[in-house]
Amino acid sequence: MNIYTKYTPKKFLSTYHLNREIAKNLHNLNTQQLNFSPKVNKEKHTELKFNKEQQYVIDLVVNKQESIFLTGAAGTGKTVLLRELIERLKQKHGVKNNSNKYEYNVLVTATTGLAAYHIGGQTYHSALGLMDLNKNNTGRQKIKLNAAKSNAWKQCKVLIIDEVSMMEASTLDFIDKTAKEMRKNYSPFGGIQVILCGDFFQLPPVDNKILEGIIKKYDELEGAIDPTLVNENKELPICEYAFKSKVWSHGIKHCLSLSTVFRQLDDPEFVKCLNELRLGIVSPTTEALMKRVESKSYVASSDVITLFGTRRETSVHNSRILKTMKGPMVVFEACHGGKLKDTEDYEIINKASMLADSIPLKIGSKVMITKNVDHTLYNGTTGTIVGFTKGVTFHTKNEILGKMGSQAGVNAELIDMETIEYDASGKHVVQFDLSDVTDNFVKKFENFNDNTEQKEHLYPVFEYYNSKLCELRRRVIMPVTVSTSTSIGNTVIHWKTQLPLISAWGLTIHKSQGQTYDSLKCDFSRFFTVGQAYVALSRVKSTKNLVVVNWNPEKVVCDEQVIEFHKKHVKDLDLLVGTKSSITANECNLQKEKEQLLDKI
Ligand SMILES: Nc1ncnc2c1ncn2[C@@H]1O[C@H](COP(=O)(O)OP(=O)(O)OP(=O)(O)O)[C@@H](O)[C@H]1O
């Protein structure tokens, strides 16, 4: 029996797509009514000037069309450079199709939803059709792709994979094998130019042991379950890094490391300390700096995000803060079904759904989205609950398309730029009257397929910063259903309906990778794996806005395999282009120190 897991947003969506003019008018009206002014980020228009190292990479990738691994410490601009590479590669490889539209032969992917969002791509599972990846009992993998995905493989000229440090070696080999077979080209990656990006000193890939138990039991698992999410707080063995894959040595010609740290540009002392921590080293200077930012008395504060090693600590922290907040609480309870219920596999599949059993919310709650809702609202987007609204107070996308579509010239392409929610009379979503609501007002997503139930239900309104539009947006958050079915009989063995949300005053470090925070608290109590301390601390721009709780130098751990790999294969770009970055040359001479540190180990 095969099982697979997928999640599908319900038909009942919270957005409508209107033409630009209507959306603009309504938006103006609605922002007045709610006294809500979207904040435009002035940084939007600031153009980045790429330094020599970054330009070297652009030339190598775009003009010389080489396959590379791009690395560098946290905040060295890997993501920013990757975005530029993607733009240029799309320009280079874009071709017009039969309908005179541009198609790009550049597959943009990442190992996590959030990383994919940052570069305008998809997770590699969905982009490459690996949702259908099977690992059977003999360990052999089958390739099974639909026509669209096999076409994408055939046409692909460049494949980008971001946050590759979280990808297992066997997955990279499987991608290589798939590319070869789909393209009938037996050069590495089927002849596709490959750009891998990430930092192996950050979080490692995690083993998929728990899920493999289920795979064995049900013969095969065809799944959209992200192992890094499922196992995030388990002390599981680290599996092989992608650089240990068979394809790496002959498929990736250059391993290049950016050396200028931009994120902490104004705090060179911190940059120096982070570069040590990255290598698992705590010098007396770093020890002194950490002691300086350490807080002896722990105060749970709602103003600053706190990063923890485990989910349990995160959940305790979030509940503590929620309790201190004024106002009534609305608890959204999940609804489950399927024959797996009450079996020993239930807990695992339930956890893998990434939907909470119970979500307590108050107005002002800080939350994070845990599923990709659409192009603007991604797994990892953080924001605040600013109100609650009933289903009857706003239209669904289908209703709007049905009623207004033809007259309003609705253009689905405009979606992301012009999405906004309205109530029945065209006003912005209204706040639900909570005056009668006593504490623990519980809403369960029961009979959610029923249209009346959907209309009567209560939903949270989420305010978040849209980095594409550079302004604050509001969305009604609707539940999603995750279902697990046998693939042969297509019998649903488990399903769950719940809002794709979690509280986010405290987050696990896994959820913070790739993020930048203005201020941050890091609780070292239960850090348990390599790279955690470095990832956590490097999220903030300066030690001025950093508080460390339960500092413990023993939690600063780096994997020796990564050091070996770097020593043997990775070239520092500042040495290649014959420059030293402003920070390394003028202030810390970090490059030299890094080499000395590597030599010491
Ligand atoms: N050439 C540049 N000039 C000025 N600022 C830059 C430049 N390149 C990147 N930055 C800035 O540096 C910061 C960090 O960049 P980015 O997020 O791309 O780093 P990263 O290497 O991907 O970090 P992480 O490994 O933590 O994900 C961003 O604020 C970005 O705008």
Side-chain angles (χ1 to χ4, degrees), residues 41-59 68-88 108 110-121 160-167 195-204 228 256-268 270-271 274-275 277-279 305 307 380 465 467-468 470 507 509-518 520 522 531-542 545-546 558 562 566 570 572-574 577 579 581-584 590:
N41 183 356
K42 295 204 177 79
E43 277 173 26
K44 184 186 179 184
H45 305 293
T46 320
E47 292 234 336
L48 280 183
K49 212 169 159 246
F50 291 104
N51 66 15
K52 278 199 173 168
E53 296 176 30
Q54 292 168 319
Q55 280 169 13
Y56 181 93
V57 176
I58 293 171
D59 179 54
I68 68 159
F69 165 55
L70 174 66
T71 189
T76 46
K78 298 185 290 295
T79 310
V80 166
L81 179 56
L82 204 51
R83 275 194 224 123
E84 179 71 15
L85 292 173
I86 292 164
E87 272 320 298
R88 295 198 188 206
V108 181
T111 49
T112 67
L114 185 60
Y117 170 68
H118 284 315
I119 53 170
I160 314 259
I161 307 177
D162 196 10
E163 296 287 11
V164 73
S165 60
M166 292 171 103
M167 177 176 273
I195 317 299
L196 304 178
C197 183
D199 179 13
F200 287 108
F201 286 103
Q202 297 186 37
L203 295 176
T228 59
L256 302 169
S257 178
L258 294 165
S259 61
T260 307
V261 177
F262 291 100
R263 187 176 287 136
Q264 290 88 9
L265 202 60
D266 298 328
D267 193 344
F270 190 32
V271 173
L274 287 173
N275 279 348
L277 295 170
R278 183 167 181 249
L279 303 174
I305 285 188
L307 297 183
Y465 181 75
S467 55
K468 276 192 190 139
C470 296
L507 290 173
I509 294 160
H510 278 79
K511 292 229 184 315
S512 77
Q513 179 143 324
Q515 302 281 51
T516 305
Y517 301 122
D518 289 330
L520 184 68
C522 294
Q532 264 184 329
Y534 174 63
V535 170
L537 294 169
S538 60
R539 300 305 98 204
V540 71
K541 292 177 184 166
S542 157
N545 302 318
L546 170 70
C558 160
V562 176
H566 267 250
V570 180
D572 285 324
L573 276 155
D574 63 349
V577 299
T579 59
S581 66
S582 55
I583 280 196
T584 56
L590 280 173

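On a predicted model such as this, the values are computed, not experimentally measured, just so you know. Counting convention: from 1, in listed order, for ligands and their atoms alike. Any value given below was found using the heavy atoms of this structure, including those in side chains, with hydrogens, waters and symmetry copies removed.
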Might you point out which heavy atoms bring Gln54 and Gly77 nearest each other, and give the distance in Å? NE2-O, 4.0 Å
Within the structure provided, determine whether Leu274 and Leu277 are in side-chain contact (heavy-atom separation under 4.5 Å). yes
Residues forming a side-chain hydrogen bond (donor to acceptor under 3.5 Å, both in side chains) with Glu163, sequence neighbours excluded: Gln513
Taking side-chain hydrogen bond (donor to acceptor under 3.5 Å, both in side chains) as the test, write out the residues that go with Asp518, two or more places apart. Lys541
Name each N or O atom in ligand 1 that is under 3.5 Å from a protein N or O, and give the partner atom and the distance.
residue, atom, partner, partner atom, Å
ligand 1, 1 (N), Lys49, O, 3.0
ligand 1, 1 (N), Gln54, OE1, 2.8
ligand 1, 8 (N), Gln54, NE2, 3.3
ligand 1, 18 (O), Thr79, N, 3.1
ligand 1, 18 (O), Val80, N, 2.9
ligand 1, 19 (O), Gly77, N, 3.2
ligand 1, 21 (O), Gly75, N, 3.4
ligand 1, 21 (O), Thr76, N, 3.2
ligand 1, 21 (O), Gly77, N, 3.2
ligand 1, 21 (O), Lys78, N, 3.0
ligand 1, 21 (O), Lys78, NZ, 2.9
ligand 1, 22 (O), Thr79, N, 3.0
ligand 1, 22 (O), Thr79, OG1, 2.6
ligand 1, 23 (O), Gly75, N, 2.9
ligand 1, 23 (O), Arg263, NH2, 3.2
ligand 1, 25 (O), Lys78, NZ, 2.8
ligand 1, 25 (O), Gln202, NE2, 3.1
ligand 1, 26 (O), Arg263, NH1, 2.9
ligand 1, 26 (O), Arg263, NH2, 3.0
ligand 1, 26 (O), Arg539, NH1, 2.9
ligand 1, 26 (O), Arg539, NH2, 3.0

Could you check whether any side-chain heavy atom of Leu279 comes within less than 4.5 Å of a side-chain heavy atom of Tyr534, counting everything from C-beta outward? no
Which residues pass the ring-ring contact (aromatic ring centres under 6.0 Å, His included) test with Phe69, not counting sequence neighbours? Phe200, Trp248
